[in-house]
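See below for the structure under consideration.
Because the structure is predicted, anything quoted here is derived from the model rather than measured.
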Amino acid sequence: LQRAVAVELHKTERSLLESAHTLRTAIDTIDEAFVVFDENDRLVICNEKYRDLYQLCNDLLMPTNTFEQILRASMERGLYANAAADGETWLMDRLASHANGTTEIEQQLSDGRWLRVVERKTPTNHIVGFHVDISHLKNIQQAAEAANQAKSQFLANMSHEIRTPMNGILGMAQLLLMPGLKNEERQDYARTILNSGQTLLALLNDILDLSKVEAGKIELEHIAFDPS
């Protein structure tokens, strides 16, 4: 009977070891950083991708350390760009979010990379976290915001530039309607209207050219000109 029990225990241990190995292999295969903390908030397991993201605190990623110990030491080493302004406040907010198991944040590291951090609490009060490198998406977003800001600035400048010749046209047109004008004055006002109109037309053509560039429909012209 004892021999049978020993054999069964050996089979069970072997099965558990195989399951643990399979789980570890699966976790290391995940393409995103993965980490688990136990009910006492001590590190249970993390994959190599997680260690790669947090190389500055690799020596802290041990089962004996809690999330707070790892986070605080990492912050003190300057790992988190977000914590630069007010480290203690940032730390308390991050710990509270982690404890609730409801974290969904974008976190910037000191080397410029951006991470999307998602943490969830399991029924056994373990905290499971995924850390995804979104630096490429963040760069695209920042480029789009910069382009949008440039467009806004361009439209503000154009509205000012268009208003100037429009004021010239409207002002001279009102003067032309005044009675008793001399012929020289009438010609001078008309000339100002013409010049302002030509300036306005040139501005509108430039705006249209920019629209064509964005649409990929700009056509270059070959025209002889005098360099001087």
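Judged by distance alone, the side chains of Asn157 and Glu161 never bring a donor and an acceptor atom under 3.5 Å apart. Side-chain contact annotation: Ser228 with Asp226, donor-acceptor N/O pair under 3.5 Å present.
The CD1 atom of Ile140 sits 3.5 Å away from the NE2 atom of His136 when rounded to the nearest 0.5 Å. A distance of 9.5 Å separates CG in Leu61 from OH in Tyr54, rounded to the nearest 0.5 Å. How far CG of Leu60 is from CG of Leu71: 10.5 Å, rounded to the nearest 0.5 Å.
Side-chain contact check for Glu119 versus Val128: every heavy-atom pair is 4.5 Å or farther apart. For the pair Asp41/Glu68, no side-chain contact is recorded, criterion being any heavy-atom separation below 4.5 Å from C-beta on. Using a 4.5 Å heavy-atom threshold, the side chains of Lys138 and Gln141 count as touching. Using a 4.5 Å cut-off on side-chain heavy atoms (C-beta onward), Glu185 and Asp188 make no contact.
Shown here is Glu145, whose CD atom has more than 12 heavy atoms of other residues, nucleotides or ligands within 6.0 Å.
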Original post:
Could you walk me through whether Leu115 and Leu109 pass the side-chain contact (heavy atoms from CB on, under 4.5 Å) check?
Top reply: CA-CA 8 Å; Leu115 306 179; Leu109 302 183; 3.9 Å; yes
**OP:** Begin from the C-alpha positions of Phe34 and Tyr50 and carry the test ring-ring contact (aromatic ring centres under 6.0 Å, His included) through to its verdict.
**Re:** CA-CA 6 Å; Phe34 177 80; Tyr50 188 87; 9.0 Å; no
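Taking the charged nitrogens against the carboxylate oxygens, Arg191 and Glu184 have no contact shorter than 4.0 Å, which rules out a salt bridge.
Screening Thr122, Asn125, Val44 for a side-chain contact (heavy atoms from CB on, under 4.5 Å) with Glu39, the sole residue that qualifies is Asn125.
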